[in-house]
*Asks:* 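Pasting a structure here, questions to come.
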Amino acid sequence: MMAALEGRVALVTGCTGGIGSEICRQLAGAGAIVVGADLPPTPSSWSGAGYLQLDVTDETSWQDAIAAVDRDHGKLDILVHVAGIVVVEKMETTTLAQWRKQMAVNVDGVFLGTKAATALLRRSGDALPHGASVVVISSVAGKIGSPLHVGYCTSKGAATLFVKACAMEFSALGYKVRVNSVHPSGVKTGMVDHILQRIVDNGFAASVEEAAAGLAPAHPIGRMADPIDIAKTVRFLASDEAGYMHGSELIVDGGFTAQ
Ligand SMILES: NC(=O)c1ccc[n+]([C@@H]2O[C@H](COP(=O)([O-])OP(=O)(O)OC[C@H]3O[C@@H](n4cnc5c(N)ncnc54)[C@H](O)[C@@H]3O)[C@@H](O)[C@H]2O)c1
């Protein structure tokens with residue numbers, strides 16, 4: 001039986017991170033030709049079909065990356081926006097520079113990348129039964145509020161609505177490109193380690209151990225997510241199995257937001 005993503009070309013940003021590297025593995029495992037992209041230096045964690053240096057906040061960097069994918073592979077069937085940062089800070093003490101940097105990576109990055117890739121995605125999508133697929137890793141923070149995360153929630157909320165508006169516009173224009181978002185809560189990566197430390201720094205917990213102790217029980221399913229829990233969802237959205245999913249939010253949070 002042919003693998004679900006056999007021969008599809010995928011570009012995954014944030015490919016050296018905890019979630020991005022697992023997404024690369026899952027897509028490659030389903031037969032995709034995966035090009036990972038991240039800030040320099042070259043990663044040790046991902047060595048698939050290719051690696052591109054990409055700063056998602058830079059329009060020229062995106063144009064170069066898409067041109068390289070077109071040159072090397074002639075198409076782009078799947079674009080996964082994983083690159084992201086989190087500023088864990090009280091709103092009153094968040095600097096404008098912190099706010100803008102977070103918006104630049106989490107929102108501008110998604111816009112610039114989708115913009116740069118649309119023509120190639122369209123061309124590729126026309127040849128697929130259910131079109132090309134764009135997946136944005138948003139967050140439960142794009143759905144609900146959280147202390148110390150005002151800027152992060154704002155950025156993920158913006159990315160979530162970008163997905164819906166883009167999906168509507170692509171359909172109105174007749175483009176065969178599906179656009180969806182994925183909303184994890186706590187996933188065991190370096191980002192969560194950073195968040196826990198900042199929770200302590202801000203006086204919301206006495207120690208990292210105390211802050212961490214509340215995480216698993218906060219999820220009705222009884223544990224935090226592993227990156228593979230998120231990556232499997234992305235693999236699904238990228239595939240023809242998700243051919244009727246468009247402008248949707250897939251919440252993958254162990255029940256966190258169902259409470
Ligand atoms: N870990 C969680 O609990 C969690 C929960 C919900 C959503 N998310 C989201 O999932 C995504 C991945 O997070 P993660 O946990 O793997 O974090 P991570 O820190 O392990 O990975 C983030 C990656 O983004 C890259 N990146 C940052 N700025 C960039 C830029 N300007 N250009 C290109 N790449 C850049 C980093 O180099 C890193 O490889 C993020 O968008 C994050 O907001 C994470």
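Note that ligands are numbered from 1 as they come in the structure, with each ligand's atoms numbered from 1 the same way. One-based numbering along the sequence shown.
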*Asks:* Can a non-hydrogen atom of D38 be found less than 4.0 Å from any atom of ligand 1?
*Replies:* yes
*Asks:* Can you pull out the closest protein heavy atom to atom 21 (O) of ligand 1? Residue, atom name and distance to 0.1 Å, please.
*Replies:* G17 CA, 3.4 Å
*Asks:* Of the backbone atoms (N, CA, C, O) and the side-chain heavy atoms from C-beta on, which set of A104 has a member under 4.0 Å from an atom of ligand 1: side chain, backbone, both, or neither?
*Replies:* neither
*Asks:* What about T57: any of its N or O atoms under 3.5 Å from an N or O on ligand 1?
*Replies:* no
*Asks:* With a 4.0 Å cut-off on heavy atoms, does V86 reach ligand 1?
*Replies:* no
*Asks:* Which ligand 1 atoms, with their elements, are less than 4.0 angstrom from a heavy-atom of V82?
*Replies:* 11 (C), 12 (C), 40 (C), 41 (O)
*Asks:* Decide whether the shortest distance between a heavy atom of S21 and an atom of ligand 1 is less than 4.0 Å.
*Replies:* no
*Asks:* Any nitrogen or oxygen of G18, side chain or backbone, less than 3.5 Å from one on ligand 1?
*Replies:* yes
*Asks:* Identify the residue among V187, V234, I228 that makes a side chain to side chain contact (heavy atoms under 4.5 Å, CB included) with I19.
*Replies:* V187
*Asks:* Could you tell me which atoms of ligand 1, counted from 1 in the order shown, lie closer than 4.0 angstrom to a heavy atom of T16?
*Replies:* 39 (O)
*Asks:* Please check whether V56 reaches ligand 1 - meaning an N/O of the residue sits under 3.5 Å from an N/O of the ligand, judged on distance alone.
*Replies:* yes
*Asks:* Identify, by atom number and element, the atoms of ligand 1 in contact range of Y152, meaning under 4.0 Å from any of its heavy atoms.
*Replies:* 7 (C), 8 (N), 9 (C), 42 (C), 43 (O)
*Asks:* Under 4.0 Å between a Lys/Arg side-chain N and an Asp/Glu carboxylate O for K176 and D126?
*Replies:* no
*Asks:* Between E169, H246, E249, which is the residue that forms a side chain to side chain donor-acceptor pair (under 3.5 Å) with K164?
*Replies:* E249
*Asks:* For ligand 1, is any non-hydrogen atom under 4.0 Å from S138's backbone (N, CA, C, O), its side chain (CB onward), both, or neither?
*Replies:* backbone
*Asks:* Quick one: do K188 and D229 make a salt bridge, cutoff under 4.0 Å?
*Replies:* no
